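As structure tokens, the structure follows; a few thoughts come after it.
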Amino acid sequence: MQKHLLGILSLLLVLSFTSCKTTEKSPRSRKQDSVQKSANFEGVNNSAIFIDASKQKLLGNYDEAGKLYQKCIDIDPVDAASMYELAKIKLIQNLPEDALELSEKAAEIDPYNDYYLFFHASLLQSFERYNDAAKVYEKLVESNPFNLEYYNKLAISFLYAGKMDDAIKVYDDLEDKIGVTEEFSMKKQSIYLQEKKVNKAILEIEKLIEHYPNESKYYAVLAEICLANDMNEKAGWAYQKITEIDPDNPYIHISLADYYRKNGEEEKAFEELKLGFGNPNLDIDSKIQILLTYYTINEIYTDLKGQAFELSELLVESHPDDPKSHSMYGDFLFQDKQYEAARDAFRNVILMDSSKYLVWEQLLFTESELNDVDAMLEESLKTIELFPEQPIPYLFAGGAYYQKKNWDECIAILTRGMKFIVNNTPMEIQIYSYLGDAYNQLKDNSKSDEAYEEALKRDPENDYVLNNYAYYLSLRNENLEKAAKMAKKSTELRPNSPANQDTYGWVLYKMGYYEEAKVWIGKAIEKEDEASPVLLEHYGDVLWQLGDKEEAYKYWTKAKDKGTGSEFLEEKVEKKELVE
């Protein structure tokens, strides 16, 4: 079996040798044999070594192959084939300078071998020697007048060398030989546009239109060039030609919308947009890109809101089975605070495709805005089931459990979610804050304090955490000095917050500073109609301690009539005295 394989390799190598040493030379290259030394140098023929070298190359043994090709060159210093093969190996070995030197020698020895010339020219280009590369490509074009690749390479070399006119001439020469083609006319118009020769670029496109009068894409290119260069009348003519030639073209309406907008004809522009959006053949991604221009990250542009909704509704009508259309419509509804309708849209998306996490997340934010605790809990748990490594759904689930007073489940789900947070300090603070509140409800004071401390490590100026931590310490009559400092800081961070003012006043009350407490709770209670039962009850307690018992009783009564206060509120009202 091994001998059979070697036999096949030997045959391939003989063919390879024949190709490299003979067939790669054109008839003209063989005419140069008279000026070359014999391949048999000092009576030693290198053919066998060349075959061995090619065998090693075929097997991927490039180091060994390189040594053998070099030996061929040592035997025959004008062995262009070995130089060419060795140059390719040097390139594989990441020795481009050596490859360039060898390719140059091979091309000099056999200047009519297209393989050698093309390889050498390519290396010159890689070294950014574009003028030198162009000279070699010119030789190739001369000997191969119908090889499009050589023309193209020559033109590119001229372009990189900054010789735009020479590149154009190459394409013109090629056009004389093969006629007008889209590829080379488009390349010429691109060069003309780079040189800001707009009229010449237009002439190239008009030449294409003359040869292919029913090809709508050339009119579209013409229209775009004209529109970009304030040739509006000509652009309009080109767009109208497209509507005649290709009336079902889904993109023409978008182009016409842009045309009318630039002409200041906003109503016509919007009418064209509607035609485009109503066409199901216009791809949905193009429509979405247009819709994205109608709003910022925070809100829809007020003056364009009507258009935005009309287009997004057309999007749903023309792509009813594509979840992207419903998702986009849901985003608009959410931005416009139409949360019920937004929820329906996001639920439609999920019915079609439940694999998109961001849609579930947006649905949870919508449920939060609606304060639909049951739906938020149910959908957050479904989201966790589908995307267990996403932390945000755990936060929503924890919040829902908290509102439902299920403290144990709240703590369990938030603790699980904490494991999946990566580089998101604000979310960590939110979870620790929730944990602090939930542990407090369970009277697990040490864990509650620990959670608040963790939150404050990450953000020492979080007024919500400072306020809650201080308030719960005051209810326990623990660390009142610390509580006072935190409560005061919360009022400095958010001075107009009644909750923060009340907490600071209540801590002062607990410390026996009744006059100061009355000032701060008084600030919080300035709008009595908006005051909570707890706040009203606190103010009544302060008034009692200051000796104003009748007023105290009034505030306790208001608190009781308004809702639920402390566990002692009803007893205070019944006995008309402070109970603690």
Side-chain angles (χ1 to χ4, degrees), residues 152 155-156 158-160 162-172 175 180-279 281-296 301 303-304 307-308 311:
N152 211 23
I156 290 170
F158 281 136
L159 287 174
Y160 280 127
K163 296 180 177 180
M164 304 295 187
D165 291 342
D166 287 336
I168 291 287
K169 186 177 184 308
V170 171
Y171 291 131
D172 284 340
E175 191 174 279
V180 175
T181 64
E182 176 183 326
E183 179 184 359
F184 297 111
S185 289
M186 294 300 288
K187 285 180 177 178
K188 282 195 283 182
Q189 71 91 18
S190 177
I191 294 169
Y192 283 133
L193 287 178
Q194 287 180 54
E195 291 189 290
K196 302 191 185 306
K197 296 178 180 178
V198 177
N199 289 330
K200 287 192 173 183
I202 288 173
L203 285 173
E204 286 299 326
I205 302 305
E206 288 178 335
K207 191 192 298 181
L208 280 172
I209 289 172
E210 183 182 344
H211 280 77
Y212 309 99
N214 294 319
E215 187 57 70
S216 63
K217 63 183 177 181
Y218 302 141
Y219 293 94
V221 174
L222 177 63
E224 287 175 15
I225 295 172
C226 292
L227 200 58
N229 291 278
D230 298 323
M231 300 179 182
N232 293 347
E233 187 175 342
K234 196 164 197 170
W237 170 83
Y239 283 133
Q240 289 305 321
K241 287 296 290 183
I242 295 173
T243 59
E244 293 171 15
I245 296 166
D246 189 7
D248 296 325
N249 186 321
Y251 298 95
I252 184 58
H253 298 294
I254 306 305
S255 298
L256 277 169
D258 192 35
Y259 167 72
Y260 285 127
R261 189 179 299 108
K262 288 186 177 180
N263 277 348
E265 299 177 80
E266 296 295 338
E267 287 187 15
K268 284 186 177 180
F270 185 59
E271 287 304 313
E272 291 295 336
L273 272 184
K274 287 196 293 183
L275 289 171
F277 269 69
N279 187 338
N281 294 320
L282 177 62
D283 69 280
I284 189 169
D285 291 329
S286 295
K287 296 175 182 178
I288 286 173
Q289 286 302 313
I290 293 168
L291 277 172
L292 289 174
T293 65
Y294 277 81
Y295 71 94
T296 66
Y301 295 118
D303 56 333
L304 298 175
Q307 289 188 13
L311 292 176

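No experiment lies behind these values; they were computed from the predicted model shown.
Between the side chain of D246 and the backbone N or O of I242, no donor-acceptor pair lies under 3.5 Å. Remark: side-chain polar atoms of K287 are paired, donor with acceptor, to backbone N or O of F277 under 3.5 angstrom. Checked by atom type and distance alone, the side chain of S185 pairs as donor or acceptor with a backbone atom of T181 at under 3.5 Å.
If you take OH on Y259 and CG on L227, they are separated by 8.0 Å, rounding to the nearest 0.5 Å. One distance of note links CD of Q307 with CG of L291; it measures 10.5 Å at 0.5 Å rounding. Here the straight-line distance linking atom CG of L159 with atom CD1 of I168 works out to 8.0 Å at 0.5 Å rounding.
Taking 4.5 Å as the limit, every side-chain heavy atom of I254 sits out of range of all side-chain heavy atoms of D258. Looking at heavy atoms from C-beta onward, C226 lies in side-chain contact with I202 at the 4.5 angstrom threshold. Using a 4.5 Å cut-off on side-chain heavy atoms (C-beta onward), Q189 and L208 make no contact. For the pair L304/T293, no side-chain contact is recorded, criterion being any heavy-atom separation below 4.5 Å from C-beta on. L203 places none of its side-chain heavy atoms less than 4.5 Å from the side chain of Y192. Taking the side chain as every heavy atom from C-beta outward, V198 and M231 approach each other to under 4.5 Å. At least one side-chain heavy atom of Y218 sits under 4.5 Å from a side-chain heavy atom of Y212.
In this structure, the side-chain hydrogen bond (donor to acceptor under 3.5 Å, both in side chains) partners of Y251, at least two apart in sequence or on a different chain, are D283. Remark: K207 pairs with E175, E204 by the salt bridge (Lys or Arg N to Asp or Glu O under 4.0 Å) rule, at least two apart or across chains.
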(request) Under the salt bridge (charged side-chain N to carboxylate O under 4.0 Å, His left out) rule, what do E265 and R261 come out as? Steps first, then yes or no, please. (result) CA-CA 5 Å; E265 299 177 80; R261 189 179 299 108; over 6 Å; no
(request) Assess whether side chain to side chain contact (heavy atoms under 4.5 Å, CB included) is satisfied between F158 and M164, documenting all intermediate values. (result) CA-CA 7 Å; F158 281 136; M164 304 295 187; over 6 Å; no
(message) Let's go through M186 and V221 carefully: what are the C-alpha distance in whole Å and the side-chain angles of both, what is the deciding distance for side chain to side chain contact (heavy atoms under 4.5 Å, CB included) to 0.1 Å, and is it a yes or a no?
(response) CA-CA 10 Å; M186 294 300 288; V221 174; 4.0 Å; yes
(message) Determine whether L311 and F270 satisfy the following criterion, side chain to side chain contact (heavy atoms under 4.5 Å, CB included), listing intermediate values before the conclusion.
(response) CA-CA 9 Å; L311 292 176; F270 185 59; 3.7 Å; yes
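Within a 6.0 Å sphere centred on NZ of K274, heavy atoms belonging to other residues, nucleotides or ligands number more than 12. Counting non-hydrogen atoms of neighbouring residues, nucleotides and ligands closer than 6.0 angstrom, the CD atom of E267 reaches no more than 12 such neighbours.
One finds a salt bridge joining E206 and K234 here, because a Lys/Arg side-chain nitrogen approaches an Asp/Glu carboxylate oxygen to under 4.0 Å. Residues D165 and K197 are paired through a salt bridge, judged by an N-O separation under 4.0 Å between the basic side chain and the carboxylate. One finds a salt bridge joining K217 and E182 here, because a Lys/Arg side-chain nitrogen approaches an Asp/Glu carboxylate oxygen to under 4.0 Å.
E266 and Y260 are not linked by any side-chain donor-acceptor pair at a separation below 3.5 angstrom, with hydrogens and angles left out of the test. Under the 3.5 Å distance criterion, with hydrogens and angles disregarded, no donor-acceptor pair is assigned to the side chains of K268 and N263. Counted by atom type alone, Y171 and N152 present one or more donor-acceptor pairs between their side chains at under 3.5 Å.
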